[in-house]
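Order of listing sets the numbers, starting from 1, for every ligand and every atom in it.
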Amino acid sequence: MPRLLGMITALTASGVLLAQSTGVAANAYETYYGGYHTVKAHYAHLDDVTAAYPSLAYPVIYGKSWRKTDLRAICLTKKNAGDCKQKPNSAKPRFLLMAQVHAREITTGDMAWRWIDHLTANYGKDTEVTKLMDSTEMWVIPIANPDGVEIVQSGGATPKYQRKNANDSNGTCTPNGQIGIDLNRNFNTHHGVPGASTDPCDETYRGPSAASEPETKALQGLMGKLFPDTRGEGDSTPASADTRGMMITLHSAGDMILFPWNFQKGAKAGNDASLRAMAKDMGAITGYVHGTVPEVLGISAGGSTEDWIYDQLGVPGYTFEVGARSGECSAFFPPYSCQEGTHWPKIRPALMYAAAKAAAPYRPS
Ligand SMILES: [Zn+2]
């Protein structure tokens with residue numbers, strides 16, 4: 001689509017100018033299904049934000065997907081020398097938000113887009129945003145599974161229900177199955193426990209081995225560079241009280257705040273009380289229920305993102321299931337107006353809460 005590419009390039013070139021008045025311009029990006037942004041648009045957005053806010057934004061490529069698409073993140077903070085480096089012992093605490101690891105959960109990429117705009121456009125204007133941006137590194141991965149999202153958006157006005165990545169080397173799954181590996185069952189933590197499938201065409205296919213997928217490996221690699229390990233071995237060992245950091249991975253469509261452990265019913269994290277207290281607060285903010293996956297959903301799930309970051313690094317990790325229990329703003333593909341009208345007003349304050357917790361998440365409040 002050369003015409004559209006031209007538009008995006010033009011916007012990038014003039015991004016600084018635009019930002020002086022109204023931030024990065026809306027409505028100039030490639031969309032599908034009534035307003036949802038394509039992978040190309042998300043990446044152009046990262047470029048434009050970086051150009052518009054050079055003192056606040058630092059772009060990162062942290063790997064390549066199965067189809068060799070760049071895996072991209074952005075670090076947002078009032079930059080001092082040494083900020084946004086991929087080294088664990090950072091001067092500032094870090095809050096990592098990621099979205100669309102499950103491709104068809106299109107609400108979540110939109111939440112990440114709005115979060116990026118919220119932090120940059122309101123710096124120096126909103127006291128709370130300014131304070132957070134001065135004190136904390138805000139890392140955002142808007143599209144953790146770009147290959148899967150490209151499959152979803154290829155449906156246009158009828159988005160495809162692709163959940164997993166695009167790796168078809170374990171089976172092509174035609175005519176009824178779905179190719180790929182469920183990245184949220186592929187992390188190197190309790191991989192292979194009941195609750196994920198060994199069938200390559202199943203929606204929860206865990207992959208041939210732990211962290212077999214390039215997207216998973218890249219996420220684990222990045223997180224390992226962003227956070228020091230503060231937790232010893234053993235499922236019930238707590239992370240140290242002076243742990244810094246916070247991670248939220250956005251999913252849809254439900255209305256839940258989920259935290260470790262997910263891999264087994266009854267398993268209790270060493271930091272359960274703190275994890276639960278923060279989940280309760282974020283549940284109160286959003287109106288969502290909270291608990292571990294076995295508690296809330298009645299299933300177990302090994303190899304999930306939040307189990308991995310807590311297991312390997314001691315950092316509190318949460319899944320937000322963004323959505324509604326019923327009505328037009330429920331399910332995977334709500335009308336685009338639901339993002340502004342229903343989901344964002346709930347998610348924005350919960351993300352602000354989470355970001356503020358990154359400095360000392362396990363400190364009793
Ligand atoms: Zn999901």
Side-chain angles (χ1 to χ4, degrees), residues 33 36 39 42 65 71 96-113 115 140-153 159-167 178-187 189-191 195-197 201-207 213 215-216 219 247-263 279 282 286 288-310 317-325 329-334 338-339 343 346-347 350-351:
Y33 190 60
Y36 292 90
V39 175
H42 271 279
S65 71
L71 297 169
L96 171 62
L97 178 72
M98 52 183 274
Q100 263 182 298
V101 71
H102 284 155
R104 67 193 176 194
E105 298 170 7
I106 62 177
T107 286
T108 67
D110 195 73
M111 293 296 102
W113 180 297
W115 179 237
V140 188
I141 300 171
I143 304 285
N145 175 11
D147 295 351
V149 176
E150 281 181 355
I151 295 172
V152 171
Q153 72 194 36
K160 298 199 170 159
Y161 272 93
Q162 181 72 20
R163 165 182 168 99
K164 302 183 287 178
N165 76 352
N167 178 356
Q178 186 185 104
I179 60 160
I181 283 79
D182 184 346
L183 300 175
N184 201 37
R185 300 289 186 279
N186 188 242
F187 281 75
T189 175
H190 302 101
H191 186 266
S197 179
C201 301
D202 190 279
E203 303 228 343
T204 61
Y205 176 47
R206 68 192 187 201
E213 301 314 293
E215 295 88 354
T216 315
L219 285 167
M247 189 284 295
I248 291 175
T249 175
L250 295 178
H251 287 255
S252 70
D255 50 359
M256 303 159 196
I257 310 286
L258 305 170
F259 57 90
W261 293 115
N262 293 335
F263 73 91
M282 294 188 284
T286 51
Y288 293 178
V289 298
H290 69 279
T292 65
V293 163
E295 287 169 356
V296 174
L297 294 168
I299 58 166
S300 59
S304 69
T305 316
E306 71 264 34
D307 267 15
W308 185 87
I309 197 168
Y310 179 71
Y318 292 87
T319 281
F320 282 13
E321 284 283 351
V322 183
R325 197 137 292 197
C329 294
S330 62
F332 291 135
F333 302 146
C338 288
Q339 304 308 330
H343 298 320
K346 294 179 179 175
I347 297 306
L351 297 181

Classify the angle between the aromatic ring planes of Y161 and F333 as parallel (below 30°), tilted (30 to 60°) or perpendicular (above 60°).
tilted

Total protein N, O or S atoms, the Zn ion (ligand 1), separation less than 2.8 Å
4

Establish, from distance only, whether the side-chain atoms of T305 and N184 form a donor-acceptor pair under 3.5 Å.
yes

With salt bridge (Lys or Arg N to Asp or Glu O under 4.0 Å) as the test, pick out the partner of D182 among R104, R163, R206.
R163

Within the 3.5 Å criterion, strictly below it, is a donor on Q339 or Y36 matched to an acceptor on the partner's side chain?
yes

Residues forming a side-chain contact (heavy atoms from CB on, under 4.5 Å) with S330, sequence neighbours excluded:
A324

One thing to verify: whether K164 and E213 come together as a salt bridge, which I'm taking to mean a side-chain N less than 4.0 angstrom from a carboxylate O.
no

